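Below is one structure; the comments refer to it alone.
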Amino acid sequence: MRHGQAEEGADGIPDFERSLTTKGKNISRFMARKLRERISNPGILITSPAFRAFETALVFAGEYGIKPEEIILKSQIYSRFNHEVVMEILKGIGEETETVTFFGHNPNFSSLASYYARGQADSIAKSGIVSITFNIMIWSDIRPSSGTIELSFEPKKIL
């Protein structure tokens, strides 16, 4: 899930500390509810520590009844999220975990969706969700273009 709409960068507020707007929180909550209608277990929640992404993960966790302290923060999602980092993170969570939900930023999220899933070429909108499944036994079996897009939610199309 890409983070929701955040406040514009203002003098004195670093990009890392930008917060979601009220509209960003509301749309993220709506999108989490829509996802919950289709996917009952989002698995492990892993987010960029940038405040807008973390806030989005908190909204999402609330809709799923997940405790905030269960959300995992990974600095690499903010600074250098690419396929190598994805694999590094997945290796660290263990093979018993079947589902992971990431929260972060573009352009990396859109690039990764295109890298892993056949047919994903669109940019992921703010509060947008792309769910990719893999027919694998262990995380290290993931390969480029090996995923299938199970669903793609764009706020403008379902609001």
Side-chain angles (χ1 to χ4, degrees), residues 1-32 34-36 39 41-64 66-94 97-117 120-134 139-140 142-147 149 151-156:
M1 181 172 190
R2 183 178 172 200
H3 68 76
Q5 180 182 349
E7 32 184 39
E8 295 295 324
D11 291 336
I13 299 177
D15 178 69
F16 192 80
E17 295 176 14
R18 290 174 39 222
S19 179
L20 294 178
T21 63
T22 299
K23 181 179 179 181
K25 290 175 189 173
N26 290 336
I27 292 173
S28 293
R29 187 172 296 109
F30 175 82
M31 296 299 286
K34 284 296 187 188
L35 185 65
R36 195 179 69 222
I39 297 175
N41 180 5
I44 294 175
L45 308 185
I46 303 176
T47 185
S48 158
F51 195 59
R52 61 194 180 276
F54 181 62
E55 275 186 302
T56 303
L58 285 171
V59 167
F60 189 93
E63 288 301 316
Y64 272 94
I66 297 169
K67 296 175 186 172
E69 58 270 19
E70 293 178 27
I71 300 170
I72 298 169
L73 282 79
K74 291 289 185 181
S75 61
Q76 307 96 311
I77 296 175
Y78 179 74
S79 60
R80 59 177 184 92
F81 201 46
N82 57 37
H83 65 278
E84 288 98 358
V85 171
V86 169
M87 296 310 293
E88 176 184 311
I89 291 170
L90 293 175
K91 180 181 176 186
I93 62 168
T97 300
E98 292 184 5
T99 306
V100 176
T101 302
F102 287 105
F103 299 85
H105 317 274
N106 259 355
N108 295 354
F109 267 45
S110 295
S111 295
L112 283 167
S114 295
Y115 179 81
Y116 284 119
Q120 173 64 29
D122 296 336
S123 178
I124 300 171
K126 291 176 183 166
S127 296
I129 300 170
V130 174
S131 176
I132 302 171
T133 59
F134 299 91
W139 290 116
S140 61
I142 293 175
R143 299 289 181 257
S145 300
S146 65
I149 296 174
L151 60 88
S152 180
F153 287 163
E154 184 178 333
K156 288 182 182 178

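Side-chain atoms are counted along with the backbone in the values below, which use heavy atoms only and exclude waters and symmetry mates. In this text, all values refer to a predicted model and were calculated from it rather than measured experimentally.
Between F60 and I71, the closest side-chain pair of non-hydrogen atoms is not below 4.5 Å. At a threshold of 4.5 Å between non-hydrogen side-chain atoms, the residues I39 and S131 count as touching. Counting heavy atoms from C-beta on, the side chains of F103 and L58 never come closer than 4.5 Å. Side-chain atoms of M1 and L35, non-hydrogen and from C-beta on, never get closer than 4.5 Å to each other. The closest side-chain heavy-atom distance from T56 to T47 is not below 4.5 Å. Contact annotation: the side chain of V100 approaches that of W139 to within less than 4.5 Å [non-hydrogen atoms, C-beta and beyond]. Within the 4.5 Å cutoff, the side chain of I66 has heavy atoms near those of the L45 side chain.
A distance-only check finds a donor-acceptor pair linking the side chain of S111 to the backbone of P107 [under 3.5 Å]. The backbone N or O of R18 sits nowhere less than 3.5 Å from a side-chain atom of E7 that would complete a donor-acceptor pair.
Residues I77 and H105 approach most closely at O-CD2, 3.9 Å, considering heavy atoms. Heavy atoms only, all atoms of each residue included: G4 and S127 are closest at CA-OG, 3.2 Å. Contact record, N106 with I124: ND2-O, 2.8 Å, taken as the closest heavy-atom pair. Counting all heavy atoms, side chain and backbone alike, L73 lies closest to F54 at CD1-CE1, 3.9 Å. Considering all non-hydrogen atoms of both residues, A113 and V130 come closest at CB-CG1, 4.5 Å. Taking every heavy atom of both residues into account, R80 and N108 meet most closely at C-ND2, 4.4 Å.
Remark: E98 CD is loosely packed, at most 12 non-hydrogen atoms of other residues, nucleotides or ligands lying under 6.0 Å away. Around CD of E8, the count of heavy atoms belonging to other residues, nucleotides or ligands within 6.0 Å does not exceed 12.
Atoms CD1 and NZ, from I27 and K156 in turn, are 9.5 Å apart once rounded to the nearest 0.5 Å. Atoms CE and CZ, from M31 and R2 in turn, are 12.0 Å apart once rounded to the nearest 0.5 Å. Rounded to the nearest 0.5 Å, atoms NZ (K74) and CD1 (I93) are 9.5 Å apart. The distance from the CZ atom of F51 to the CD1 atom of I13 is 11.5 Å, given to the nearest 0.5 Å.
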Please set out all donor-acceptor pairs under 3.5 angstrom arising from side-chain atoms of residues 81-88, sequence neighbours excluded.
unit_1, atom_1, unit_2, atom_2, d
N82, OD1, E84, N, 3.0
N82, OD1, V85, N, 2.9
H83, NE2, Y115, OH, 3.4
E88, OE2, Q76, NE2, 3.1

Begin with the C-alpha distance, continue with both residues' side-chain angles, and end with the deciding distance and a verdict on side-chain contact (heavy atoms from CB on, under 4.5 Å) for F102 and L112. CA-CA 11 Å; F102 287 105; L112 283 167; over 6 Å; no
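Note on residues 51-63: pairs passing salt bridge (charged side-chain N to carboxylate O under 4.0 Å, His left out), not counting sequence neighbours, are D15-R52, K25-E55, R29-E63, R33-E63, R36-E63.
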